[in-house]
Amino acid sequence: MTYSFPGFWRRLVSLLYEFLILLAIIFIASFIFHLIFRDADAFYFIPLYQFYLLVVMGYYFIWFWTHGGQTLAMQTWKMRVVTVDGNLLSKRKAITRYLIAVIGILCFGVGIIWAFIDRDHQYLHDRLAGTRIIKVDS
């Protein structure tokens, strides 16, 4: 089965839009976390807080990727993440994609920069997880 792939600018603008959505999610999640754990000076606070945010963001992405293949930003920019066979992602594949993406972004964004040298202009986490982003024709 053949698909059309979104261009670089569409994916870049979608990433920026995704960032704004994540900012709102992190703000709300942080508010809830700080209501529960009021002692920000505790030795366990920062690592627990970082892990909590990683889980919250992961839940956002994994849920959307496994329920239709589109986050809110991807719906707006008419893109979908699928397996290389064109199927929806399983939870295992979505978790794998998320964790590889986090590692790639934490390594100075190499996972995103990879799209410049990839022959199909895929992100590194898509290449390694066996997924791809396709354009949704409506």
Side-chain angles (χ1 to χ4, degrees):
M1 186 176 255
T2 59
Y3 301 102
S4 60
F5 301 104
F8 171 76
W9 292 109
R10 179 182 289 228
R11 291 188 306 161
L12 181 66
V13 172
S14 177
L15 277 175
L16 292 173
Y17 187 40
E18 199 76 73
F19 173 75
L20 294 175
I21 294 169
L22 274 178
L23 204 58
I25 291 169
I26 288 170
F27 179 78
I28 293 166
S30 295
F31 179 75
I32 293 168
F33 186 87
H34 283 80
L35 281 177
I36 296 169
F37 297 98
R38 294 180 183 263
D39 187 12
D41 294 328
F43 73 96
Y44 59 82
F45 183 81
I46 292 175
L48 183 64
Y49 177 62
Q50 291 171 339
F51 181 73
Y52 167 75
L53 290 180
L54 189 69
V55 169
V56 168
M57 289 185 296
Y59 187 80
Y60 165 78
F61 284 113
I62 292 163
W63 192 89
F64 277 106
W65 291 340
T66 57
H67 291 83
Q70 297 176 291
T71 61
L72 298 173
M74 294 172 91
Q75 290 173 22
T76 302
W77 292 98
K78 302 200 183 322
M79 297 186 303
R80 175 175 283 129
V81 63
V82 294
T83 64
V84 291
D85 302 332
N87 299 319
L88 286 177
L89 273 60
S90 65
K91 282 192 178 162
R92 181 182 196 133
K93 195 159 285 264
I95 291 168
T96 302
R97 184 178 193 263
Y98 174 69
L99 292 176
I100 294 171
V102 168
I103 292 167
I105 290 168
L106 290 177
C107 291
F108 305 104
V110 74
I112 304 298
I113 296 169
W114 178 265
F116 288 112
I117 61 170
D118 187 85
R119 68 179 179 273
D120 298 324
H121 303 290
Q122 291 188 58
Y123 298 125
L124 183 59
H125 49 273
D126 285 319
R127 180 68 68 190
L128 295 175
T131 59
R132 57 184 42 212
I133 297 175
I134 62 170
K135 198 176 349 177
V136 177
D137 300 319
S138 41

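Only this structure's heavy atoms are used, side chains among them; waters, hydrogens and symmetry mates stay out. Source: prediction; values computed, not measured.
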Transitive ILVMFWY side-chain link Leu48 to Leu35, under 4.5 Å: no

Separation of Thr83 OG1 from Leu89 CG (nearest 0.5 Å): 6.5 Å

Arg11 to Tyr123, cation-pi by 6.0 Å centre distance and 45° axis angle: yes

Ile112/His125 under side-chain contact (heavy atoms from CB on, under 4.5 Å): CA gap, chis, key distance, verdict: CA-CA 8 Å; Ile112 304 298; His125 49 273; 4.0 Å; yes

Spacing of Leu124 atom CG and Leu128 atom CG [to the nearest 0.5 Å]: 4.5 Å

Met57 CE to Tyr52 OH distance, which is reported to the nearest 0.5 Å: 11.0 Å

CA sep, side-chain torsions, deciding dist, call: Gln122, Ile133, side-chain contact (heavy atoms from CB on, under 4.5 Å): CA-CA 8 Å; Gln122 291 188 58; Ile133 297 175; over 6 Å; no

side-chain contact (heavy atoms from CB on, under 4.5 Å) between Tyr49 and Ser30, intermediate numbers included: CA-CA 8 Å; Tyr49 177 62; Ser30 295; 2.5 Å; yes

Distance-minimising heavy-atom pair for Asp85 and Tyr3: O-OH, 3.9 Å

Cluster check Ile134, Leu72: I/L/V/M/F/W/Y, side chain < 4.5 angstrom: no

Same cluster (ILVMFWY, side-chain, under 4.5 Å), Ile25 and Tyr59: yes

Nearest-0.5 Å distance that lies between atom OG1 in Thr76 and atom CZ in Arg10: 11.0 Å

Phe64-Tyr60 aromatic ring centre distance below 6.0 Å: yes

Considering all heavy atoms, the nearest Arg80-Gln70 contact: NH2-OE1, 3.3 Å

Inter-residue atom distance Arg132.CZ - Phe5.CZ, 0.5 Å rounding: 4.0 Å

Single-linkage hydrophobic cluster, 4.5 Å side-chain cutoff, Ile26 and Leu15 together: yes

Geometric class of the Phe45/His34 ring pair [parallel <30°, tilted 30-60°, perpendicular >60°]: perpendicular

Full working for side-chain contact (heavy atoms from CB on, under 4.5 Å) between Trp77 and Glu18: CA-CA 11 Å; Trp77 292 98; Glu18 199 76 73; over 6 Å; no

Can you give each donor-acceptor pair under 3.5 Å made by side-chain atoms of residues 92-108, sequence neighbours left out, with the distance rounded to 0.1 Å?
unit_1	atom_1	unit_2	atom_2	d
Lys93	NZ	Ala129	O	3.0
Thr96	OG1	Arg92	O	2.8
Arg97	NE	Asp126	OD1	2.6
Arg97	NE	Thr131	OG1	3.3
Arg97	NH2	Asp126	OD1	2.8
Arg97	NH2	Asp126	OD2	3.2
Tyr98	OH	Leu54	O	2.8
Tyr98	OH	Gly58	N	3.3

pair Thr71-Tyr17: side-chain heavy atoms closer than 4.5 Å: no

Asp120 vs Arg127 side-chain heavy atoms within contact, under 4.5 Å: yes

Heavy-atom closest pair, residues Ala73 and Ile21: N-CD1, 3.8 Å

Phe33 and Phe37 aromatic ring geometry - parallel, tilted or perpendicular at 30°/60° bounds: tilted

Same apolar cluster: Leu16 and Phe116, side chain cutoff 4.5 Å: no

